[in-house]
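First up is the structure itself, then whatever we jot down about it.
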Amino acid sequence: MPLDPQAQALLDKVEQSGILPYERMTPELARKFYQKACEAGGGSPPEVYCVEDMAIPGPAGDLNLRCYRASTAGNLPVLLFFHGGGFTIGSLQSHDAVCRYLCAEAQCLVLSLDYRLAPEHKFPAAVEDAWAATCWLAEHAVQLGADPTRIAVAGDSAGGNLAAVTCLMAREAGQPGICYQVLIYPGTDMTESLASHRDYGEGYLLTSSLISWFHQNYLPQGIDLKTWQGSPLHASDHRDLPPAHVITAGFDPLQDEGRAYAEKLKAAGVPVSFHHYEGMLHGFVTQPGYMEQARAALAECGLKLKQAFSD
């Protein structure tokens with residue numbers, strides 16, 4: 001299947017802009033440009049009842065969260081969301097539209113986490129923050145007006161990695177209970193060895209050089225690239241994890257990682273739904289203002305969450 005015309009138009013727009021690739025910027029500058037790109041592509045997301053920023057204790061100081069509430073109802077199901085950006089870029093604001101869509105579609109409370117970024121904070125800082133926020137949410141859900149028995153996690157790209165790793169950590173610890181995971185083109189394998197890295201590593205926004213820059217920023221020297229806290233695909237056991245919805249994109253170097261993770265979960269007896277958006281690029285869900293398929297994917301994720309919360 002060819003690249004979707006709306007995805008091609010976005011590629012053309014980026015090329016015509018003359019903006020340097022992120023890996024040729026400082027991390028600080030890359031964050032600014034990425035946030036602007038996401039804000040421009042966010043369009044007009046659905047209205048939600050209220051949005052408020054808050055802070056919670058974290059392993060290295062306070063962690064900022066943005067709370068999206070679908071309605072005034074109490075005992076709402078709750079989604080903890082981890083943004084993408086290669087562990088280097090991304091913010092509460094870059095994924096604001098995504099969280100608004102998920103909140104409205106799933107009719108839940110969404111908590112978006114502003115975890116520590118690399119290279120200032122290398123692995124496992126982001127993992128530690130994701131885990132701390134998950135544990136805090138389980139303990140304080142009732143105070144938020146949320147249901148502690150209906151907690152889900154989600155994320156895109158690096159955020160999908162954190163969501164998958166958080167589910168593995170919760171299983172290892174025996175708590176907290178997570179009822180569902182949504183993994184949007186997740187990074188699950190730090191080795192960069194699967195075929196889609198070679199097949200789609202140039203020309204589609206997320207390039208091989210950008211992936212390498214992200215990994216160099218995030219991973220300490222000498223780390224085992226197959227450690228499951230960084231590469232959940234390589235965990236020794238995928239049994240007894242929450243049911244999952246996994247999305248991949250057809251022109252994405254990470255697509256084989258997402259598909260392989262879905263297959264690992266299925267083989268371990270975990271219920272999995274899988275949707276491959278053939279004509280799409282990595283990062284497409286942050287562009288609902290430009291792409292119909294982004295809106296469709298977010299609606300699908302919301303529906304899967306809504307169904308999981310009602311089970």
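When reading the values below, keep in mind they use all heavy atoms of this one structure, side chains included, and skip hydrogens, waters and symmetry mates. As the structure is a prediction and not an experimental result, all values here were calculated from the model.
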Nearest 0.5 Å please: distance from the [atom1] atom of [X] over to the [atom2] atom of [Y].
X: H83; Y: D156; atom1: NE2; atom2: CG; answer: 9.0 Å
X: L111; Y: L137; atom1: CG; atom2: CG; answer: 5.5 Å
X: H197; Y: E202; atom1: NE2; atom2: CD; answer: 12.5 Å
X: L117; Y: N217; atom1: CG; atom2: CG; answer: 10.0 Å
X: R259; Y: I247; atom1: CZ; atom2: CD1; answer: 13.0 Å
X: S112; Y: F82; atom1: OG; atom2: CZ; answer: 9.5 Å

Counting only N and O atoms by type, is there a donor-acceptor contact under 3.5 Å from the side chain of T207 to the main-chain atoms of L210? yes
**Q.** Under 3.5 Å donor-acceptor, R150 side chain and N75 backbone
**A.** yes
Shortest non-hydrogen pair, L102 vs G302, comes out as CD2-N, 4.2 Å
Parallel under 30°, tilted from 30 to 60°, perpendicular over 60°: which one fits the rings of F251 and Y204? tilted
Q.
Using salt bridge (charged side-chain N to carboxylate O under 4.0 Å, His left out), reason through E52 and R66 one step at a time and then give a plain yes or no.
A. CA-CA 6 Å; E52 58 183 337; R66 183 165 292 175; over 6 Å; no
Assess the pair Y277 and H275: is the distance between their ring centroids shorter than 6.0 Å?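 Under 6.0 Å, so yes.
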Practice problem: Establish, yes or no, whether a centroid distance under 6.0 Å links the rings of Y261 and H238. | Solution: yes
Report, one line per pair, each donor and acceptor closer than 3.5 Å where one atom sits in a side chain of residues 57-64; sequence neighbours left out.
none

Quick note, ring pair (Phe, Tyr, Trp, His ring centres under 6.0 Å) partners involving residues 133-186, not counting sequence neighbours, are W136-H140, Y185-H282, Y185-F284
So, do S71 and L76 sit near enough that their side-chain heavy atoms are less than 4.5 Å apart? yes
